[in-house]
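What follows is a short report on a single structure.
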Number of protein chains: 2
Amino acid sequence: MLVRTTEAARRANLLRDFGITSSTDHAVSLNEFTYKKGTEIFGEKEPAKYIYQVKLGAVRTHKLLSDGRRQIGAFHLIGDIFGLENAALHRFTAEAVVETTVRLILRTTLEHLAESDAVVARNLRTMTTSNLQHVEDHLLLLGRKTAMERVAAFLHDMSVRSTAAGVMSLPMSRRDIADYLGLTIETVSRAISQLHADGVISFRSNTQRDIVVLDHDRLTALDKPN
Amino acid sequence: MLVRTTEAARRANLLRDFGITSSTDHAVSLNEFTYKKGTEIFGEKEPAKYIYQVKLGAVRTHKLLSDGRRQIGAFHLIGDIFGLENAALHRFTAEAVVETTVRLILRTTLEHLAESDAVVARNLRTMTTSNLQHVEDHLLLLGRKTAMERVAAFLHDMSVRSTAAGVMSLPMSRRDIADYLGLTIETVSRAISQLHADGVISFRSNTQRDIVVLDHDRLTALDKPN
DNA sequence: CGGTCCGTTGATCATGCTCAAACGGAGTGG
DNA sequence: CCACTCCGTTTGAGCATGATCAACGGACCG
């Protein structure tokens with residue numbers, strides 16, 4: 001009995017770790033899996049069997065045109081949920097940007113849970129909504145913002161999301177950033193160089209992936225408010 | 001008693017008209033309202049009090065940058081639901097493209113209904129999902145497609161959605177189309193002229209807003225498949 | 001130490017934007 | 001009924017932003 005109680009508590013904790021609160025205790029199986037850099041986690045149009053949370057690393061989701069042009073929809077950092085589709089099939093391909101460990105939860109489990117537990121259902125809707133909000137904001141960026149505004153918005157967003165102190169370490173390549181912002185790698189590189197020359201950002205260590213935001217206000221000013 | 005039953009039946013029918021099926025009968029108040037061409041139905045960041053369905057006319061939803069640049073997120077035609085945010089505030093401004101009549105339903109009513117009725121909840125989720133899908137596909141268009149591909153995709157989509165026969169009547173202006181596709185009115189106009197010159201489409205009547213798709217295959221070929 | 005990958009920088013190009021003018025319905029008033 | 005204006009659209013000419021093509025350099029890795 002004691003064992004069963006402990007096990008239920010552990011599962012409840014795992015569920016809570018997944019960012020999903022429940023009004024009652026439920027048995028939910030949570031597994032972990034690690035993907036090497038660049039490998040596919042799930043493909044577009046595959047059945048959406050699991051919902052994922054990034055435990056360690058970073059994930060990108062993208063769509064492709066037949067000739068190889070790529071649009072990255074979002075980057076998912078530690079703690080973020082992804083693969084939550086509310087549909088039978090995934091609508092993006094998900095890949096590990098770097099070596100990445102994810103937690104998995106069966107979609108059917110969560111949906112079944114949502115049927116009986118309004119709190120879980122509400123949580124799922126909230127997550128879908130924040131997905132939607134991000135994508136909607138990205139529409140405006142892709143449709144109407146200049147290259148510099150896009151890069152500034154990206155750095156600002158990453159800075160807010162990933163930094164505790166002033167340094168952020170971008171796990172993704174210039175190509176990934178370019179495909180996220182609807183630009184080329186050269187344009188992204190030039191914009192970042194410009195920001196550096198203007199004293200808005202600086203680089204830390206030997207790699208180009210650690211960026212310090214020196215002038216946060218100037219960065220946000222470059223990204224036109226909406 | 002008979003009166004009450006009839007009233008319940010009427011309400012159930014209205015709910016069904018709204019595209020929301022319910023497992024049981026519920027009292028749902030449905031109102032209609034008509035907006036003049038160009039008027040605002042709701043504004044960005046306003047409380048999302050109602051959910052809407054287009055009964056007659058057409059609606060556009062948009063976001064603005066501070067300097068007036070506009071991104072239209074979607075056009076809603078007859079039968080379409082809009083304003084379904086799953087959040088406290090609207091994230092787009094909605095305006096009537098032409099004189100438009102909408103059906104309204106209180107968001108709280110629907111949400112309350114969804115709490116107890118899993119079928120309603122599922123329907124709401126399905127609608128949110130199709131919103132999400134449309135926006136995600138639009139990301140790819142705005143980030144990676146050429147002007148001609150965008151216009152072709154737009155005409156194809158409108159043709160599929162609004163046409164019974166071969167003629168579609170576009171209710172929105174070139175400016176609206178441009179702001180939807182992330183282009184300028186001149187570029188949209190040139191692309192449409194090009195399609196006309198190439199014999200892919202033709203114009204009906206005296207106005208420029210009735211378009212006949214002559215070569216559906218060639219139109220879809222111009223929009224790269226994804 | 002050679003090779004590869006990734007990012008930067010430079011030079012040129014092209015797609016789509018800007019500016020400008022003309023066109024053509026729709027509506028209005030003489 | 002016709003002239004007039006207004007407004008949205010088309011078309012043209014030149015321009016600019018960002019793409020393309022190319023070369024270089026540093027980091028990493030065998």
Side-chain angles (χ1 to χ4, degrees), chain A residues 36-38 65 67-71 97-99 141-155 169-198 201-211 222 224, chain B residues 37-38 60 65 67-71 97-99 141-155 169-198 201-211 222 224:
Chain A
K36 285 208 174 62
K37 177 176 176 170
L65 291 176
D67 60 1
R69 281 175 286 174
R70 182 176 68 153
Q71 179 62 47
V97 172
V98 290
E99 172 139 335
L141 181 145
L142 292 175
R144 287 300 178 214
K145 290 187 183 180
T146 65
M148 184 53 89
E149 287 167 355
R150 294 180 200 203
V151 172
F154 171 73
L155 291 178
S169 187
L170 301 179
M172 69 291 287
S173 68
R174 292 290 186 265
R175 170 146 303 285
D176 285 344
I177 299 173
D179 285 349
Y180 176 62
L181 299 177
L183 300 170
T184 59
I185 51 174
E186 293 94 333
T187 299
V188 170
S189 182
R190 279 184 244 272
I192 290 178
S193 296
Q194 186 65 47
L195 290 172
H196 184 231
D198 293 352
I201 60 172
S202 79
F203 301 121
R204 178 68 57 88
S205 82
N206 42 12
T207 159
Q208 303 107 318
R209 292 194 175 181
D210 293 333
I211 292 183
L222 285 170
K224 295 270 176 175
Chain B
K37 176 175 176 173
R60 62 175 177 253
L65 291 176
D67 59 1
R69 281 174 288 174
R70 183 177 69 154
Q71 180 62 48
V97 173
V98 292
E99 173 140 335
L141 180 145
L142 292 175
R144 287 299 178 215
K145 290 188 181 178
T146 65
M148 184 53 90
E149 286 167 357
R150 294 180 199 203
V151 172
F154 171 73
L155 291 178
S169 185
L170 300 179
M172 69 291 288
S173 67
R174 292 290 186 265
R175 170 146 301 285
D176 285 345
I177 300 173
D179 285 349
Y180 177 63
L181 299 176
L183 300 170
T184 59
I185 51 175
E186 293 94 333
T187 301
V188 170
S189 182
R190 278 183 245 272
I192 290 178
S193 296
Q194 186 65 47
L195 289 172
H196 184 232
D198 293 352
I201 61 173
S202 80
F203 303 121
R204 177 70 57 87
S205 80
N206 41 15
T207 160
Q208 303 110 317
R209 294 195 174 181
D210 293 333
I211 293 183
L222 286 170
K224 295 272 178 174

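Reminder, nothing fancy here: chain letters follow the sequence lines and each chain counts from 1.
- In this structure, OG1 on Thr184(B) lies 7.0 Å from CZ on Arg190(B), to the nearest 0.5 angstrom.
- The minimum heavy-atom distance between Arg144(B) and Asp179(A), with the atom names listed, is NH2-OD1, 2.8 Å.
- For the residue pair Ser169(B) and Asp210(B), the shortest heavy atom distance occurs at OG-OD1, 2.8 Å.
- With rounding to the nearest 0.5 Å, the separation of CG in Leu141(A) from CG in Leu142(B) is 10.0 Å.
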Base versus backbone protein contacts along nucleotides 6-16 of chain C [heavy-atom cut-off under 4.0 Å; B, S, -] = SSBBBB----S
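- Bending across the helix from dC1(C)-dG30(D) to dG30(C)-dC1(D), expressed as the angle between its end axes from five pairs apiece, amounts to 30° (10° rounding).
- With sequence neighbours excluded, the residues forming a salt bridge (Lys or Arg N to Asp or Glu O under 4.0 Å) with Arg60(B) are Glu95(B), Asp176(B), listed by chain and number.
- Rounding to the nearest 0.5 angstrom, the gap separating the CZ atom in Arg175(B) from the CZ atom in Arg70(B) is 7.0 Å.
- When side chains are defined from C-beta on, Phe203(B) counts as touching Ile211(B), because their heavy atoms get closer than 4.5 Å.
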Under the side-chain contact (heavy atoms from CB on, under 4.5 Å) rule, what do Ile192(B) and Arg174(B) come out as? Steps first, then yes or no, please.
-> CA-CA 10 Å; Ile192(B) 290 178; Arg174(B) 292 290 186 265; 3.8 Å; yes
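- Note: CG (Leu181(B)) to C1' (dC17(C)) measures 15 Å, nearest angstrom.
- The interatomic distance linking Leu170(B) (CG) with dT9(D) (P) rounds to 10 Å, in whole Å.
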